Amino acid sequence: MAKLLVVDDEANIRLLYAAELSDEGYDVVTAGSALEAVEKLESESFDLAVIDIKLKNESGIELLQRIVKERHTVPVILCTAFSCYKDDFSAWLADGYVVKSSDLQELKDEIARVLAKRQKAAYT
Amino acid sequence: MDWECCWSRDHIEADHCPYVGEGEEDLLSSQRRRIVEKCVECPRFKNDLARMKGAGYPLSDVLPFILTEFQEQKAQMGAMLSFLNSRTREIKFLREVGLVLQTSIDLDEVLSIAMTAITAGKGFGMNRAFLLMTDKERRNIRGYLGVGPRDYEEAWRTWEDISRSNFTLRQLARDFQKTKLTSEKVKFHDILQRLTVPLSDQGHIFNRALRGKKPILVENALNNPDLDRGLARILGVDTFLVMPLISRNRRIGVIIADNCITHKPITLQDMQSLETFAFPVAFALERASLYERLQEEVAKQKAANLKLREQQELIVKMEKMALVGKITSSIAHSIRNPLMVIGGFARTLLKGSPADDEKRSYLESIVRETRQLEEVLSEVLDYSESLFPVTDYWDLNELVAKAMGELEGVMKGAGVACRMELAPDLPVVRIDYKQISYCLKTITTTALSAMELGGELHVESLKEGEAVLLRVTDDGKPLSETAQVALTTPFFQTQELGEGVGLSLCKSILERQGNTLTITSRPGGGNTYSIRLLTKKENI
């Protein structure tokens with residue numbers, strides 16, 4: 001069972017992600033801030049992180065930069081309401097990018113795609 | 001002695017002297033005046049003098065001397081009087097011309113007055129005159145206007161017309177400006193064109209006259225080896241006057257005057273009169289051309305100001321749009337997360353509820369409405385996002401092909417065929433790829449909505465000067481003017497089109513980068529949406 005870390009500062013959204021992604025068969029751990037996410041990444045191992053760009057204190061992009069810098073190998077999908085972030089160079093470091101929507105299908109497809117790609121890379 | 005002439009009588013009858021004409025009856029009773037005015041010229045008086053000499057009258061030898069002297073003095077007085085009269089006329093004429101020249105700032109009026117004054121019988125009475133002026137760059141003297149008849153027949157006709165009219169010089173000039181100025185400019189075009197002389201050609205007679213600030217009278221030019229025969233050949237006369245026009249040491253131009261029809265000699269007096277006249281003409285010409293240039297500059301300035309005002313208005317509009325964008329973006333973001341939670345959980349509940357649960361329809365309503373709200377939010381966010389473009393050089397044809405490819409399904413569904421005509425050698429354009437792609441897609445969707453019965457959509461790209469044009473033409477219902485305004489004004493509502501930001505967003509996106517969107521409708525049917533993208537941009 002793939003283990004996902006969901007980072008969003010809105011408790012209700014964490015709750016929604018946890019419910020929906022658990023239904024899809026993933027083991028979901030949530031974090032409400034970048035700091036909490038880093039702590040979890042250091043203590044546990046994850047197959048994928050879903051990070052909201054707009055977080056309190058530290059942005060999702062900054063968190064992504066930190067993950068890359070600290071050589072965590074976990075793949076990252078960025079979520080946001082701002083589609084313009086696609087043009088941000090730092091956002092290019094992410095493995096996937098999803099515009100937030102009440103319909104989580106796009107996110108689920110993106111998670112499946114990134115995980116499959118990762119698995120394929122591990123085999124070869 | 002019985003004298004033949006009446007000189008000895010105090011009073012005479014009208015039939016006594018054949019030289020007293022009508023209106024001179026007072027001479028019949030004035031012996032003194034009759035002798036001075038009539039008898040001294042009378043042959044009968046001469047006969048009486050001869051008879052006196054024969055009869056040995058002592059004064060008869062002296063009287064002829066006195067008489068001859070008297071006649072000479074009288075002739076001289078007459079000549080002086082006529083000279084004075086002509087001078088008085090000339091001063092009056094110069095005053096009349098001077099007044100007009102002093103007050104006029106219209107170049108055509110000044111030209112008309114000057115040229116009429118030189119050529120009219122009431123003025124200097126020359127047959128023909130050419131005006132040459134220094135060009136704006138101050139490099140050459142160029143033929144500007146020629147006035148006068150081209151041949152004897154025309155001269156005869158014109159002079160007869162003028163002699164019949166009782167016009168003053170000013171009226172003549174006005175009539176000339178109104179009826180002849182334009183045609184005269186063309187009439188001597190062939191001669192004027194050949195009269196261009198560089199100001200640097202020091203030896204040329206024009207420049208010599210300008211340098212010397214004095215008119216030059218050229219006589220017998222065709223047989224005089226010291227003179228340039230070329231000019232005489234162009235003019236077709238061998239005697240002409242070259243008069244420099246100088247105002248405040250500036251070389252304004254030259255007037256050439258001749259008597260090409262009557263071949264009347266040009267006198268020293270003609271030259272002097274024209275010289276007096278040259279100064280006000282030069283001054284008026286300079287002032288009028290300066291005024292004309294000033295008017296041109298004012299017009300340019302006005303156009304620039306208008307453009308500036310338009311730009312300022314555009315900036316204000318843009319700032320307002322940017323503010324609207326910021327507000328809507330902020331509202332949209334704060335709504336988006338709760339909306340996502342509502343819609344998301346409704347979906348979760350819907351998934352878990354049994355198929356026959358009657359509350360399913362409520363959940364479905366929540367999901368549907370949330371979806372719709374999210375779409376509106378996306379549109380609003382796209383709008384605010386458009387205020388911060390990311391530009392780069394792109395191949396427009398590639399963009400068109402890709403965007404139209406994405407809409408293939410929609411077009412097929414609407415029964416619309418797409419005909420693409422893309423110019424193969426388009427230059428790259430500096431654009432925000434996403435935004436222009438959005439514009440094209442929005443335009444296509446708008447066009448499709450006018451093609452309820454299907455049809456053909458024509459998409460073409462072409463180069464037009466410094467710009468690349470992207471045109472989408474439908475053959476659907478033509479849009480009314482209100483609809484066109486509505487389409488390009490955010491949230492403007494019309495019955496036929498509903499409400500939205502679609503095309504207004506496109507317009508705002510394009511205008512921010514100096515590009516344009518125009519919509520034209522053909523009354524017979526069909527609308528054309530043209531996007532004009534500049535290829536040369538510096539401040540992006």
Side-chain angles (χ1 to χ4, degrees), chain A residues 4 6-26 28 30-33 50-57 59-61 77-92 97-112, chain B residues 325-326 328-353 363-392 394 431-438 441 505 509:
Chain A
L4 311 181
V6 171
V7 191
D8 198 301
D9 58 351
E10 291 265 343
N12 283 326
I13 292 200
R14 290 202 297 275
L15 206 61
L16 175 67
Y17 280 168
E20 282 286 312
L21 296 177
S22 302
D23 275 0
E24 292 294 310
Y26 298 116
V28 182
T30 60
S33 67
V50 175
I51 302 171
D52 186 17
I53 283 183
K54 201 165 154 274
L55 296 174
K56 282 185 191 116
N57 302 326
S59 79
I61 299 239
I77 291 175
L78 285 176
C79 294
T80 184
F82 300 90
S83 59
C84 59
Y85 269 107
K86 270 184 186 166
D87 300 319
D88 191 311
F89 282 113
S90 306
W92 293 0
Y97 183 96
V98 172
V99 177
K100 275 170 130 179
S101 160
S102 63
D103 185 354
L104 295 188
Q105 198 50 50
E106 197 191 339
L107 175 66
K108 288 172 192 169
D109 292 348
E110 192 67 0
I111 291 172
Chain B
K326 267 184 199 153
T328 45
S329 159
S330 149
I331 295 171
H333 276 109
S334 51
I335 294 173
R336 189 152 200 156
N337 275 348
L339 205 57
M340 184 183 161
V341 174
I342 296 166
F345 278 123
R347 281 170 201 273
T348 315
L349 289 175
L350 199 60
K351 253 191 319 188
S353 68
L363 289 171
E364 276 165 359
S365 287
I366 297 174
V367 167
R368 202 171 45 246
E369 297 299 324
T370 322
R371 184 75 223 143
Q372 205 179 341
L373 277 176
E374 278 182 322
E375 274 169 15
V376 172
L377 279 183
S378 290
E379 201 175 349
V380 169
L381 283 173
D382 273 339
Y383 178 72
S384 55
E385 204 184 284
S386 75
L387 304 167
F388 312 99
V390 183
T391 58
D392 208 338
W394 293 97
I431 49 167
D432 181 316
Y433 186 94
K434 216 163 42 131
Q435 287 184 352
I436 302 301
S437 176
Y438 169 81
K441 284 194 244 173
L505 172 56
I509 287 173

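The chains referred to below are lettered A, B, ... by the order of the sequence lines, with proteins before strands, and numbering in each begins at 1. Worth saying up front: this structure is predicted, and the values here are computed from it rather than measured.
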**Q.** salt bridge (charged side-chain N to carboxylate O under 4.0 Å, His left out) against Glu110(A), all qualifying residues, sequence neighbours excluded
**A.**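 Scan of Glu110(A) (salt bridge (charged side-chain N to carboxylate O under 4.0 Å, His left out), adjacent residues dropped) gives Arg113(A).
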message = For Arg14(A), give me all partners under salt bridge (charged side-chain N to carboxylate O under 4.0 Å, His left out), at least two apart in sequence or on another chain.
response =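 With neighbours one apart ignored, the set is empty.
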query: Considering only heavy atoms from C-beta outward, does the side chain of Val99(A) approach that of Arg336(B) to under 4.5 Å?
result: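 Yes, their side chains come closer than 4.5 Å.
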Step through the shown structure and confirm whether more than 12 heavy atoms of other residues, nucleotides or ligands are within 6.0 Å of CD on Gln105(A).
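It does: Gln105(A) CD has more than 12 such atoms within range.
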Checklist entry - Counting only heavy atoms not in Lys351(B), do more than 12 sit closer than 6.0 Å to its NZ atom? => result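 Correct, the count exceeds 12.
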Of all heavy-atom pairs between Val341(B) and Leu16(A), which one has the smallest distance, and what is that distance?
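So the minimum-distance heavy-atom pair works out to CA-CD2, 4.3 Å.
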Compare every heavy atom of Arg371(B) with every heavy atom of Asp103(A), then report the nearest pair and how far apart it is.
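Heavy-atom minimum between the residues: CB-NH1, 4.2 Å.
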Within this structure, what is the [atom1]-[atom2] distance for the pair [X] and [Y], rounded to the nearest 0.5 Å?
{"X": "Leu15(A)", "Y": "Phe345(B)", "atom1": "CG", "atom2": "CZ", "result": "4.0 Å"}
{"X": "Leu373(B)", "Y": "Ser102(A)", "atom1": "CG", "atom2": "OG", "result": "9.5 Å"}
{"X": "Leu104(A)", "Y": "Thr348(B)", "atom1": "CG", "atom2": "OG1", "result": "7.0 Å"}

Review point. For Asp23(A), is it the side chain, the backbone, both or neither that has a heavy atom under 4.5 Å from a heavy atom of chain B?
Key: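 Interface part for Asp23(A): side chain.
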